A.B. asks: 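Just dropping this structure here.
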Amino acid sequence: MTSLSLKTRDVEAKMAASLSTKKFWKPGSEGPGISEERELSSETTGSPVIYNPNTALSIEKQRQRLPVFKHRNNILYLVETFQTVIIVGETGCGKTTQIPQYLMEAGWAAEGKVIGVTQPRRVAAISVAGRVAEERGALVGHEVGYTIRFDDCSDAQATRIKFLTDGMLVREMMADPLLKKYSVLMLDEAHERTLYTDIAIGLLKKIQKKRRDLRVIVASATLDAKKFHEFFNLNESGDPSKDTCGILTVEGRTFPVDIFYTISPVPDYVKATVETVLKIHETEDDGDVLAFLTGQEEVEKVVSLLVEQARTLSRYGMKKHLRILPMYSGLPYADQMKVFERTSASVRKVVVATNIAETSITINGVVFVIDCAFVKLRAYNPRTAFESLVVTPISKASASQRAGRAGRNRPGKCFRLYTEEDYEKLPAATVPEMQRTNLAPVILQLKALGIDNVLRFSFLSPPPLRQWFKPWSCCMRWEAWTIMDV
Ligand code: CDP
Ligand code: MG
């Protein structure tokens, strides 16, 4: 035990030192401390506006235009056949608002059963409940409702489709361990891999072994579907016809995207972003630009530098004009909406965005993407027990998602402001919150649910062993050892 706690202290000291000296670091180089404190924060992606290009059409027509509509029967077939269905489809294709309605129309909410849809963010739960209620011509809180902490807008008898945060779902398991009132549970935005999504994933797998009738849908815009399939597939026979898990991909329109790397590392990606936008404007054909930066401050800086440059360019008679627009979650609603507006042929739109544009919103017309390689994520420092926002290198999965934003309407180009060598050093996927956060809430939650041997719990991504021994407090350390001894 002594050597283990000593080791833990070493790692923490190293982590604290690097956190205090570095603000950001090169892709591939060792980050501030160990990987598990990197955090994919749902908060940093904020609550973006929802753009609907078809508002002039009737609700029925709007619903039929969504890409998932073509897959309606297939989705229903898969849910009927498999205990778990993994659905991957681009942002805006209709996963959240349509799938629960298809299920209800097919009878999955009959006999008092409820279709539950979890959301990592509270605002998302409220907003999608409002939209689905509107599509059904009803008020929120009756047939369609939501439940978030301190705000229950659902009816125990009447609600058939319920949106709830993943944290609330875990709470509901305390009163109803087998979630008997639900016929289907859709875990939405599963790629965010928040702490509670991961807890819910493990618990639902456990419940499915007892309740063969419970259906689980894992929905996401970008997901390692194979990993989820392996986790949820309860078939141990090796015969694929006995699989309990199926995968459906709703195709988005994607065209090839050429990737360009820098020859040497760029010393200042803010400056490099401005230069790249200007270079694209000078040398490339038509097409809008989307640049990824890490936060509001950087976005505003790039916007002001570009506005200045654009003035000079138009003074020198450049035929095409630049329309430069910022995009981040704290921006006023009307300004966020501007990024979706069409521009005339003589104008090139340049959207300078935070990670919000990676999966939370989709901007049509983007042909060129500029990727700075970083994202701002919440990091937990177990030594101080404080969380802070830290600029962190993105993962390969994020880099490919960002590049994909360029190929939605026609072939595009992605300019990565890092070398190919640095790209190779990026982690394959962002480390899930479960593997880099304080485990005290997880342990307490699972213990409260009656799971004594927390270490043997079926985690999709088990936390590294050393994380169980972080000194949250004397009491918690005692708790961890008690669990070990069970
Ligand atoms: O979940 P996913 O990103 O696949 O799409 P969704 O949230 O079901 O949204 C499908 C479409 O519904 C969007 O493209 C919007 O046009 C529309 N929508 C809306 O108008 N208002 C909302 N609050 C949510 C969606
Ligand atoms: Mg959605």
Side-chain angles (χ1 to χ4, degrees), residues 48-49 51-56 65 67 90-93 251-262 266 269-293 299 302-328 331 334-373 399-417:
V49 291
Y51 174 64
N52 183 351
N54 300 320
T55 39
R65 286 232 169 159
E90 195 166 327
T91 306
C93 78
E251 77 298 328
R253 276 186 302 155
T254 43
F255 294 87
V257 176
D258 288 331
I259 310 279
F260 299 89
Y261 294 94
T262 58
V266 298
Y269 61 71
V270 169
K271 221 168 122 211
T273 303
V274 175
E275 286 164 4
T276 312
V277 171
L278 296 173
K279 190 94 194 140
I280 291 170
H281 191 49
E282 270 171 37
T283 58
E284 297 285 350
D285 291 339
D286 285 1
D288 295 340
V289 182
L290 170 63
F292 285 96
L293 287 151
V299 168
V302 168
V303 167
S304 71
L305 287 171
L306 280 173
V307 166
E308 216 170 274
Q309 293 288 336
R311 260 192 228 121
T312 321
L313 288 177
S314 58
R315 226 180 286 141
Y316 286 104
M318 189 99 177
K319 264 188 265 146
K320 220 171 164 64
H321 295 292
L322 281 174
R323 182 168 156 78
I324 300 131
L325 298 164
M327 181 69 193
Y328 49 83
L331 200 66
D335 292 334
Q336 287 196 22
M337 285 310 276
K338 280 186 191 153
V339 307
F340 302 108
E341 284 170 10
R342 278 168 188 267
T343 50
S344 70
S346 63
V347 175
R348 190 197 296 276
K349 188 162 70 176
V350 178
V351 179
V352 186
T354 58
N355 213 37
I356 195 170
E358 195 180 297
T359 54
S360 305
I361 58 160
T362 295
I363 306 161
N364 278 324
V366 172
V367 179
F368 307 102
V369 160
I370 304 170
D371 171 13
C372 74
S400 117
Q401 178 70 17
R402 286 181 177 189
R405 308 317 258 165
R408 280 184 43 85
N409 307 91
R410 63 183 162 103
K413 289 183 180 175
C414 174
F415 298 91
R416 292 183 171 160
L417 303 179

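Note that this is a predicted model, so its numbers are computed, not measured.
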A.B. asks: Nearest heavy-atom pair of C414 and D371: which atoms, and what distance?
C.D. replies: SG-CB, 4.4 Å

A.B. asks: Minimum heavy-atom separation for N409 and G365, please, with both atom names.
C.D. replies: OD1-N, 2.8 Å

A.B. asks: Going by ring-ring contact (aromatic ring centres under 6.0 Å, His included), name the residues that satisfy it together with F255, two or more places apart in sequence or in a different chain.
C.D. replies: none

A.B. asks: Do you know the tightest heavy-atom contact between Y328 and V299?
C.D. replies: CD2-CG1, 3.9 Å

A.B. asks: If every non-hydrogen atom of V367 is compared with every non-hydrogen atom of P411, which pair is closest and at what distance?
C.D. replies: CG1-O, 3.6 Å

A.B. asks: Find the distance between CD (Q401) and CG (N355) and round it off to the nearest 0.5 Å.
C.D. replies: 9.5 Å

A.B. asks: Considering only heavy atoms from C-beta outward, does the side chain of K271 approach that of V266 to under 4.5 Å?
C.D. replies: no

A.B. asks: Applying side chain to side chain donor-acceptor pair (under 3.5 Å), name anything that partners K413, two or more places apart in sequence or on another chain.
C.D. replies: E284

A.B. asks: If we ignore hydrogens and angles and just use 3.5 Å, is the side chain of R405 paired with the main-chain N or O of E358 as donor and acceptor?
C.D. replies: yes

A.B. asks: Counting only N and O atoms by type, is there a donor-acceptor contact under 3.5 Å from the side chain of D288 to the main-chain atoms of V350?
C.D. replies: no

A.B. asks: Find out whether H281 and R348 are in side-chain contact, i.e. whether some heavy atom of one side chain is under 4.5 Å from a heavy atom of the other.
C.D. replies: yes

A.B. asks: Does any part of the side chain of F292, heavy atoms only, come nearer than 4.5 Å to the side chain of T354, both counted from C-beta?
C.D. replies: no

A.B. asks: What distance do F368 atom CZ and D286 atom CG have between them, rounded to the nearest 0.5 Å?
C.D. replies: 8.5 Å

A.B. asks: Find the distance between CG (D258) and CZ (F415) and round it off to the nearest 0.5 Å.
C.D. replies: 9.0 Å

A.B. asks: Identify the heavy atoms of L290 and A357 that sit nearest to each other, and give their distance.
C.D. replies: CD1-CB, 3.9 Å

A.B. asks: So do the side chains of L278 and L306 get within less than 4.5 Å of each other, counting heavy atoms only?
C.D. replies: yes

A.B. asks: Is the shortest side-chain heavy-atom distance between T276 and L417 below 4.5 Å?
C.D. replies: yes

A.B. asks: Any side-chain heavy atom of R323 within less than 4.5 Å of one from E341?
C.D. replies: yes

A.B. asks: Could you tell me if the side chain of I361 sits less than 4.5 Å from the side chain of M327, heavy atoms only?
C.D. replies: yes

A.B. asks: List the residues meeting salt bridge (Lys or Arg N to Asp or Glu O under 4.0 Å) with R416, not counting sequence neighbours, and say none if there are none.
C.D. replies: none

A.B. asks: Quick one, P326 and V352 - any side-chain contact, counting heavy atoms below 4.5 Å?
C.D. replies: no

A.B. asks: As an exercise, state the distance from CZ of R408 to CG of N364, rounded to the nearest 0.5 Å.
C.D. replies: 4.5 Å

A.B. asks: Between K349 (side chain only) and V339 (backbone N and O only), is there a donor and an acceptor less than 3.5 Å apart?
C.D. replies: yes

A.B. asks: Please check if the side chain of T91 supplies one atom and the backbone of T359 the other of a donor-acceptor pair under 3.5 Å.
C.D. replies: yes

A.B. asks: When rounded to the nearest 0.5 angstrom, what is the spacing between CG in L305 and CD1 in I324?
C.D. replies: 10.0 Å

